[in-house]
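In each ligand, atom 1 is the first atom listed, and ligand 1 is the first ligand listed.
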Amino acid sequence: MVSRRDFLNLSAATLLAGRNALPRGTSMRVGLMKNELLQRRLAGDPQRPQYHLMPPANWMNDPNGPIFWKGQYHMFYQHNPNGPFPESMNWGHAVSPDLVHWKHLPIALSPTPGGPDKDGCWSGCAVVDRGVPTLIYTGVFPQVQCLARSEDGLMTWRKFTGNPVIATPPQGMETTGFRDPCVWREADEWLLAIGSGIKGQGGMVLLYRSKDLIQWDYLHFLCKGRKEELPPGEDPVSTGEMWECPDFFPLADKHALIVSTQGAVVYSLGAYVNRYFRPEHQGKADLGDSYYAPRSMVDEKGRRILWGWIREGRSDAAQHAAGWAGVMSLPRVLTLGPDGALAMAPPPEIEALRGKHQRVESLPVLPGSFPLLKGVGGDGLEIHAEFEPGTSEAVGLMVRSTPDGKEQTLITCHRSSGQLLVDRERSSLSQDVGRGAQGGPFALGEDETLKLRVFLDASVIEIFANDRACLTSRIYPSQADSLGLGVFARGNKARLKSLDIWEMRPISPNRLTT
Ligand code: FRU
């Protein structure tokens, strides 16, 4: 757990790291006072999540190089320590003994003036090379691949003096991008998959190999957007022209490739043969559009754990005023589902955050009314709801509702259209935030109950539905009493089998309690 004191010390470090951004002549003392004020503002911000990992302040996006090292989970992430906007990317760094409680560590990578990463240290991965933790990441501009090693247990990082280790895309290839390396070991070689694409053709992952992580040879593409296999009439580049942040790994007897297509996060499960990946089953890693650029790791228990960036859903001006932007998702343990799809569930460690518990059992849910449940609710909750949908057309949960319902967010399983949606039309009275529904395909089987596991954390909603679909969304209720919780059905009645609600404990003092 990060103490308030650590938190403030760290913020000073963050500020020092960003001292070049201070106006000329501004004294460090004034800077520190400003920082203290910023910390107080952040700590009092009702929209700032309480039990999700995020930087002490300012901007974050993609998770980078998550790695389990000597009993601890290390997480790096794209971070601008100088403001809540994406500029001049650094690698922020945090460490956790248990996947849940985090301590911030000094920034791992910053751009080197005049170096190949002078304009930013973009996304990448971490591997252990003969006992030495090593980061492989993209330097910009142009997009080249760089390497840094740590000899002191991941605390400080020395960049390879011969950077970049890959200076250009393969010869003759007109790529839409060339970034976000993912590296793994195969027998006595290193393999590297990199995000790319070709204009008019689609996204692509390119494959390289190396003996020493320094000298890389291009092999061929690992996988590409295959227009010939799309239904007639569909946009030939419907998975985009650039695949970012490829994550490639074995899962049970299959291989999985996850790519971020500058729209959706698409996963494929399939066969890896002769160093080509052939997708057999595809789906979305998240049904919403708030979750992006995920990366995975394996821990000592052998679990494949995926982390994603939860982006904001409000205006740049609102992010600027808040002083922070971007949140790390909760970890998701990945397995191969019985239906051949990707199954995702939070790890049991999350339960350590559970506080006060309430349970409601066996409640008829009648169409046409949205009754708030008495005495339950909040903005930092884990909710398990199991519904017998009966012949209802739609069934779901209402969260973050004011007593009069003027603000409310609906989590709905539409049985008729086979969709799971977060309806944000009335989530906030503020004009500065995203509205409308987020979601996608989710069909319940005959006689299957709807099992929603919902994590509410201030402006973050993460939903796990029947362990096979995830939906992440952002809401920014403006009223202090937008805390109510209810259940609803449409068309016909349904039944709430059980509802468990836990208050979740904060992991860092992000909000003043006095
Ligand atoms: C994905 C991404 C990556 C890139 C990074 C820059 O969100 O665009 O492709 O490396 O963010 O911050």
Novice: Before we go on, tell me: are the rings of Tyr77 and Trp59 under 6.0 Å apart, centre to centre?
Specialist: no
Novice: Any salt bridge between Arg435 and Glu425, counting N to O under 4.0 Å?
Specialist: no
Novice: Centre-to-centre under 6.0 Å for His220 and Tyr276, is that the case here?
Specialist: yes
Novice: Below 4.0 angstrom, N of the basic side chain to O of the carboxylate: do Glu36 and Arg41 qualify?
Specialist: no
Novice: Mind checking what makes ring pair (Phe, Tyr, Trp, His ring centres under 6.0 Å) contact with Trp324, not counting sequence neighbours?
Specialist: none
Novice: Show the short N or O contacts, below 3.5 Å, that ligand 1 makes with protein N or O atoms; if there are none, say 'none'.
Specialist:
residue: ligand 1; atom: 7 (O); partner: Asp62; partner atom: OD1; Å: 2.8
residue: ligand 1; atom: 7 (O); partner: Asp62; partner atom: OD2; Å: 3.3
residue: ligand 1; atom: 8 (O); partner: Glu244; partner atom: OE2; Å: 2.7
residue: ligand 1; atom: 9 (O); partner: Arg179; partner atom: NE; Å: 2.7
residue: ligand 1; atom: 9 (O); partner: Asp180; partner atom: OD1; Å: 3.4
residue: ligand 1; atom: 9 (O); partner: Asp180; partner atom: OD2; Å: 2.6
residue: ligand 1; atom: 9 (O); partner: Glu244; partner atom: OE2; Å: 2.9
residue: ligand 1; atom: 10 (O); partner: Ser123; partner atom: N; Å: 3.1
residue: ligand 1; atom: 10 (O); partner: Asp180; partner atom: OD1; Å: 2.5
residue: ligand 1; atom: 11 (O); partner: Asn61; partner atom: ND2; Å: 3.3
residue: ligand 1; atom: 11 (O); partner: Asp62; partner atom: OD2; Å: 3.1
residue: ligand 1; atom: 12 (O); partner: Asn61; partner atom: ND2; Å: 3.0
residue: ligand 1; atom: 12 (O); partner: Gln78; partner atom: OE1; Å: 2.7

Novice: Picking from Tyr73, Tyr51, Trp307, what satisfies ring-ring contact (aromatic ring centres under 6.0 Å, His included) with Trp102?
Specialist: Trp307
